[in-house]
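Here the structure is a predicted model, which is why all the values come from computation and not from measurement. Naming: A, B, ... by sequence-line order, numbering from 1 per chain.
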There are 2 protein chains.
Amino acid sequence: MALNSDSPAVPTLLREINERRVLDVLRINGALHAAEIARLVGLSKPTTAALLRGLIDVGLVDEDRPGDLDSKRARSVYSAATKIGISLAIDIGARYLRAATADINGVQLSEVSVAVDEMNLKQLLASLNAAVDRALSDAASLHEDIVSIVIGTPGVVDKRTGQIAIAGTIGDLDGIQLGEVISREFGVEPHLENDINLVAIAELEKGLGRGVLDFAVLSIGTGLGAGLVLNGKLHRGHRGAAGEVFYVPFGDPFDPHHSSTNPAGGGLTELAEQLASTSVASELKKPYTTVSILDAARRGDEFARMVVEHEAERISLYVASISAVVDVELVILAGGIGRQADVLLNPVRKMVEQLLPFPPRVEGTSLGESAVLVGALQLATRKSQEIIFRERSSAIDNDFVTVDR
Amino acid sequence: MALNSDSPAVPTLLREINERRVLDVLRINGALHAAEIARLVGLSKPTTAALLRGLIDVGLVDEDRPGDLDSKRARSVYSAATKIGISLAIDIGARYLRAATADINGVQLSEVSVAVDEMNLKQLLASLNAAVDRALSDAASLHEDIVSIVIGTPGVVDKRTGQIAIAGTIGDLDGIQLGEVISREFGVEPHLENDINLVAIAELEKGLGRGVLDFAVLSIGTGLGAGLVLNGKLHRGHRGAAGEVFYVPFGDPFDPHHSSTNPAGGGLTELAEQLASTSVASELKKPYTTVSILDAARRGDEFARMVVEHEAERISLYVASISAVVDVELVILAGGIGRQADVLLNPVRKMVEQLLPFPPRVEGTSLGESAVLVGALQLATRKSQEIIFRERSSAIDNDFVTVDR
DNA sequence: GCCGTTGTGTTAGGAAACCTACCGAATTGA
DNA sequence: TCAATTCGGTAGGTTTCCTAACACAACGGC
């Protein structure tokens, strides 16, 4: 039973709340005339008109007099300003480096993808700079326009220090170094975030997670990990390690690789090697690869189907663990293997239903390879909007002191 | 990007926020004079005085003129009203039935505990009625004074239907029936809640979870289950089944009893039976009981220590699962076995640190047998406060309509 | 093609919430 | 004892919202 907020409610708080509402309405609905805004926001016309004047004064809203381009009796239409800063998203993957930009309203302006291949930090940063420069020029923007930056990366990002731990997939990547370099380069402190968490945000905003209060994204690819959305918000955990389901101690708890149950990494091919001795007919030949196995399974190859069945069992264990602990409505499979959901989905569903009395829905991701980028852009947009709003609205009234009270 | 609230901000919203702040301040700090309240709330003296007058008018605040009983220059002291309704908490356990009451500010007024023993629903309800009646008379209160009721029970309580599923420990308990009976009896719709969730709330408010944003209570006793507090709030999950860690598929995933890893129920004695063949010296004799094993371990009996060590390993698996999925800062052991944390704590900590790169702190509960009741009372108090506040504050201004806008 | 209806945006007047400043009364402390 | 402090209260003013009324433009039925 603590106080909900530090400061008490004063009249200017009302203005702030209502200004935010007006901006939200404009960002959701696009250009509108004043009376329509008043109805959607729920305020009277005079008040709405005053709000709009204030927002126009600080440059957060644009007014257009379209001759009579627009409909009916409207004299002016209003829209959320666009050219007041951009957000930058960067995805540092194991095989690709991607960058994207969006305007202050979250509309994507550009996207750049560069293949990377075993490079050191110096080379990585050079590629990164090139990619960002291209993303900026494609968006007709400059370094100074960047309001916020979100970087997606494998590994656990510590909330306080920004340090990246248990990265694994990218050799000598260090969160502090990276943060400092970016910060120096762009004059903006970047926000580092675990890549799978960003996929979860992407699913929440633009994917299968829309409107779902509790769901998880289980990513099976180079590594194994999950992103959790609980009560409609990303759950990072105490040190940002939520969703590190690799550490659920199945099988021999002291095997550091959890090889008997890990469906990620080389899990699928290892499984095939192990099962090769069972003399089931197959057109598959060694060396097995993830792709060849999945393709054979799609063609109906008996041995490949058996391997996939086993893989599905392993995946189910992790789906079940997540759901047993947090009871999600939906689990979305993603990542290199998770994206091949067509052959995995049904066996996983069947198994999960046997394991749990309250099984979640299980689906394959509806987002493509740039899911991390989409999530990062989403997060960066929210940050930018908050920064710009604070900046502009405080510019109006920052001059009075209190004495008595 | 949706609107944060349905209605826009109007001046009366300020009043409501500030009224709540004043009440909060009084409930936290006890009786205060007006100037002190103004300082704590952060509002000016005239505004605070007006707020207090309003709250006194509707009976939410009491004004006392203590002659000069109280200190200094204060003419009046103000305190949150107490005699405006009570909250009722009921704990339906496997072996005990408990009831407790608190005033509107959460101050406990009475507590009653009754042993129950294999009874049918009819007998259970009779005992329940008797216990509640005693709790009420001990609190010098009447049925009509009850504002809200929270009932703790084993099993998963569905948010929407109130139905109880997978109860197990209590034979023919049915949430709908129970809710209906209570509702008819007291004229108040009771809120049913999983008992371990209530322990988590108790730890959050009065136990080791105070100030901890992310923690779990792992209850090991008749059954196995966990309560999760994430981001400072109880996490119930999509169907209220969050924390049902019994279903994490360790060992043979198709063993419905998960007997190879379950530390709860008869887990400890079973473990002892299994290990009896290992010829380790022991003063323990069959039949083993949970109590005799734990006592022997405390005395240093080698065999008993080995059994406890194994039990600790099993517990660690569940601690690790929870932490791998949601990354909690702290796991609190509770329940019949969990309360015997003295002998379990160190081996569990050691094991958990081997299993996880980010191990949580592990502690034994600091709350006694009435933890469920404490949590239920907490929840009921919050509900009562909200109900009474709504009732009283809407009594003032519920008479005007809008036309133009 | 005219004129009533409808909808937009503005002005005027007022209500509700907050604030600062000041003042008298009571207590405290030098 | 008397100055300083603190309390509760009043007066006057600001910010924010509201309803009501009105001018003006567009639409549509006749």
Taking only side-chain nitrogens and oxygens of Arg15(B), does any of them come within less than 4.0 Å of OP1 or OP2 of dT16(D)? no

Excluding sequence neighbours, so at least two apart, what forms side chain to side chain contact (heavy atoms under 4.5 Å, CB included) with Lys233(B)? Asn231(A)

What is the distance from CG of Leu51(A) to C1' of dT16(D), rounded to the nearest Å? 10 Å

Closest to the 5' end of DNA chain D, once Pro46(A) and Leu14(A) are matched to their nearest nucleotides, is Leu14(A)

The residue, Ala50(B) or Glu36(A), whose nearest nucleotide of DNA chain C is more 5′ is Glu36(A)

Among residues at least two apart in sequence or on other chains, which ones pass salt bridge (charged side-chain N to carboxylate O under 4.0 Å, His left out) with Arg382(A)? Glu205(A)

Rounded interatomic separation in angstrom, taking CG from Leu40(A) and P from dT8(C): 12 Å

Gap separating the CD atom of Gln108(A) from the OG atom of Ser87(A), nearest 0.5 angstrom: 11.0 Å

Below the 4.0 Å mark, does dC18(C) have OP1 or OP2 next to a side-chain nitrogen or oxygen of Ser44(B)? no

Distance, rounded to the nearest Å, where Ile17(A) contributes CD1 and dT15(D) contributes P: 18 Å

Taking atom P of dA17(C) as reference, at what distance in whole Å does atom CZ of Arg53(B) sit? 13 Å

Nucleotide dG9(C), atom C1' - distance to OH of Tyr78(A) in whole Å: 8 Å

For Thr12(A) and dC18(C), is the shortest distance between a side-chain N/O and OP1 or OP2 below 4.0 Å? no

